[in-house]
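Since the structure is predicted, the reported quantities are computational estimates derived from the model, not experimental observations.
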Amino acid sequence: MKGSKTSIKIPSKVIIPIIAIIIGAIFFYIGVFQYGFWDSEASKPTKGFFPVIIATALIGLSILALVQGIKSEKVEFNFKNWLVPLGLLAIIASSYIFGLVLSIAAYIVIWLKVYEKQTWKTTIITLAVAMFIVVGCFQLWLGIDFPLGIIFDLILG
């Protein structure tokens with residue numbers, strides 16, 4: 001047995017769905033137990049309604065991805081595969097400085113113009129739809145206040 005190496009190879013197609021399942025479970029827990037899911041007295045959704053739905057979808061799709069990932073054996077760490085998670089980390093970091101809504105808008109514009117090389121028309125339409133959903137559904141309808149960031153906190157006092 002001298003000279004034989006024992007190593008465990010876990011494909012990235014297994015690691016990422018497991019991480020996504022954990023994140024989905026955290027958001028499901030927070031949505032149900034901290035924000036609530038449904039207000040039975042007012043017969044309307046509460047602030048945890050959308051996070052619970054999205055977390056449920058994330059967990060379900062991640063389980064499907066995990067099953068597919070278990071079947072694959074090829075380990076591949078291509079930099080292009082990590083652009084979306086790196087973009088997510090950039091949104092999180094910039095949301096502390098510029099605020100979440102502005103960070104999401106910047107991410108959409110940068111992603112579509114630089115990486116996808118889309119036209120300005122496509123970029124602006126996509127940005128308008130995304131901002132309508134973020135501001136309309138979350139801020140106006142559900143009353144969720146997004147972090148403003150350091151710069152807007154200084155400006156608005």
Side-chain angles (χ1 to χ4, degrees), residues 11-66 68-69 76-157:
S12 61
K13 291 182 179 180
V14 171
I15 295 171
I16 294 172
I18 290 173
I19 292 170
I21 290 169
I22 293 169
I23 291 171
I26 290 169
F27 276 97
F28 185 87
Y29 177 82
I30 291 171
V32 170
F33 295 109
Q34 287 185 1
Y35 294 127
F37 183 72
W38 191 266
D39 185 0
S40 58
E41 292 176 12
S43 293
K44 68 177 188 175
T46 61
K47 292 182 179 184
F49 183 75
F50 279 115
V52 169
I53 290 174
I54 292 170
T56 304
L58 178 64
I59 291 170
L61 292 173
S62 297
I63 290 171
L64 292 174
L66 180 64
Q68 291 292 334
E76 199 175 306
F77 292 102
N78 189 354
F79 178 72
K80 285 187 175 185
N81 296 343
W82 291 98
L83 287 177
V84 173
L86 291 174
L88 176 66
L89 292 175
I91 289 175
I92 293 169
S94 66
S95 69
Y96 287 107
I97 299 169
F98 303 110
L100 185 63
V101 175
L102 188 59
S103 297
I104 291 171
Y107 177 80
I108 290 171
V109 171
I110 292 169
W111 186 268
L112 290 175
K113 285 304 293 175
V114 174
Y115 186 74
E116 295 291 332
K117 298 182 183 15
Q118 294 293 322
T119 64
W120 277 109
K121 179 182 176 184
T122 304
T123 303
I124 290 172
I125 290 171
T126 304
L127 178 64
V129 169
M131 290 298 105
F132 175 77
I133 292 169
V134 168
V135 174
C137 290
F138 291 103
Q139 278 190 319
L140 299 177
W141 183 38
L142 293 175
I144 297 172
D145 294 325
F146 292 113
L148 295 176
I150 295 169
I151 292 175
F152 286 112
D153 280 340
L154 290 174
I155 292 171
L156 299 174

Engineer: Using a 4.5 Å cut-off on heavy atoms from C-beta on, say whether the side chain of Phe27 contacts that of Ile54.
Structural biologist: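 SC-SC contact between Ile54 and Phe27 ruled out.
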Engineer: Does Phe28 reach the side chain of Leu58, with side-chain heavy atoms less than 4.5 Å apart?
Structural biologist: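 A side-chain contact is absent here, since even the closest heavy-atom pair is not under 4.5 Å.
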Engineer: Flag the pair Phe50 / Pro45 as yes when at least one side-chain heavy-atom distance between them is below 4.5 Å, and no otherwise.
Structural biologist: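 When only atoms from C-beta onward are counted, Pro45 and Phe50 do not touch, as no gap falls below 4.5 Å.
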Engineer: Hey, is CZ on Phe37 packed in by over 12 heavy atoms from elsewhere, all under 6.0 Å?
Structural biologist: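 Buried by this count: over 12 neighbours within 6.0 Å.
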Engineer: Answer yes or no: is there a side-chain heavy-atom contact under 4.5 Å between Tyr35 and Ile144?
Structural biologist: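 With C-beta onward as the side chain, the pair stays apart.
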Engineer: When rounded to the nearest 0.5 angstrom, what distance separates CD1 in Ile18 from CD1 in Ile63?
Structural biologist: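 That separation rounds to 11.0 Å.
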Engineer: Output the distance between atom CD1 (Ile22) and atom CD1 (Ile59), rounded to the nearest 0.5 Å.
Structural biologist: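 Output value for this atom pair is 10.5 Å.
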Engineer: Do you know which two heavy atoms are closest between Ala55 and Gly24, and how far apart they sit?
Structural biologist: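 Minimum heavy-atom separation between Ala55 and Gly24: CB-O, 3.2 Å.
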Engineer: With a 3.5 Å cut-off and sequence neighbours excluded, list the donor-acceptor pairs that the side chains of residues 86-105 form with protein atoms.
Structural biologist:
from	atom 1	to	atom 2	distance (Å)
Ser94	OG	Ala90	O	2.9
Ser94	OG	Ile91	O	3.3
Ser94	OG	Ser103	OG	2.8
Ser95	OG	Ile91	O	3.4
Ser95	OG	Ile92	O	2.7
Ser103	OG	Ser94	O	3.2
Ser103	OG	Ser95	N	3.2
Ser103	OG	Gly99	O	2.7

Engineer: Rounded to the nearest 0.5 Å, how far does NZ of Lys117 lie from OG1 of Thr122?
Structural biologist: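 So the OG1 of Thr122 and the NZ of Lys117 are separated by 14.5 Å.
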Engineer: Please enumerate all residues that pass side chain to side chain donor-acceptor pair (under 3.5 Å) together with Thr46, with sequence neighbours excluded.
Structural biologist: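 Partners of Thr46 by the side chain to side chain donor-acceptor pair (under 3.5 Å) criterion come out as none, since no residue qualifies.
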Engineer: Working to the nearest 0.5 angstrom, can you tell me the gap between Ile110 CD1 and Ile108 CD1?
Structural biologist: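 These two atoms lie 11.0 Å from each other.
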Engineer: Are side-chain heavy atoms of Trp82 and Ile16 found at a separation under 4.5 Å?
Structural biologist: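 A side-chain contact under 4.5 Å exists here.
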Engineer: Between Gln118 and Lys113, what is the shortest heavy-atom contact and its length?
Structural biologist: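 Closest approach of Gln118 to Lys113: O-NZ, 2.9 Å.
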Engineer: Return the CD1 to CH2 distance between Ile133 and Trp141, rounded to the nearest 0.5 Å.
Structural biologist: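 The CH2 atom of Trp141 is 12.5 Å from CD1 of Ile133, to the nearest 0.5 Å.
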Engineer: Taking all heavy atoms of Thr123 and all of Val109, pick out the closest pair and write down the distance.
Structural biologist: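 Taking every non-hydrogen atom into account, CG2-CA, 4.0 Å.
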Engineer: For Phe138, I'd like to know if atom CZ has over 12 heavy atoms of other residues, nucleotides or ligands within 6.0 Å.
Structural biologist: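 More than 12 within 6.0 Å, yes.
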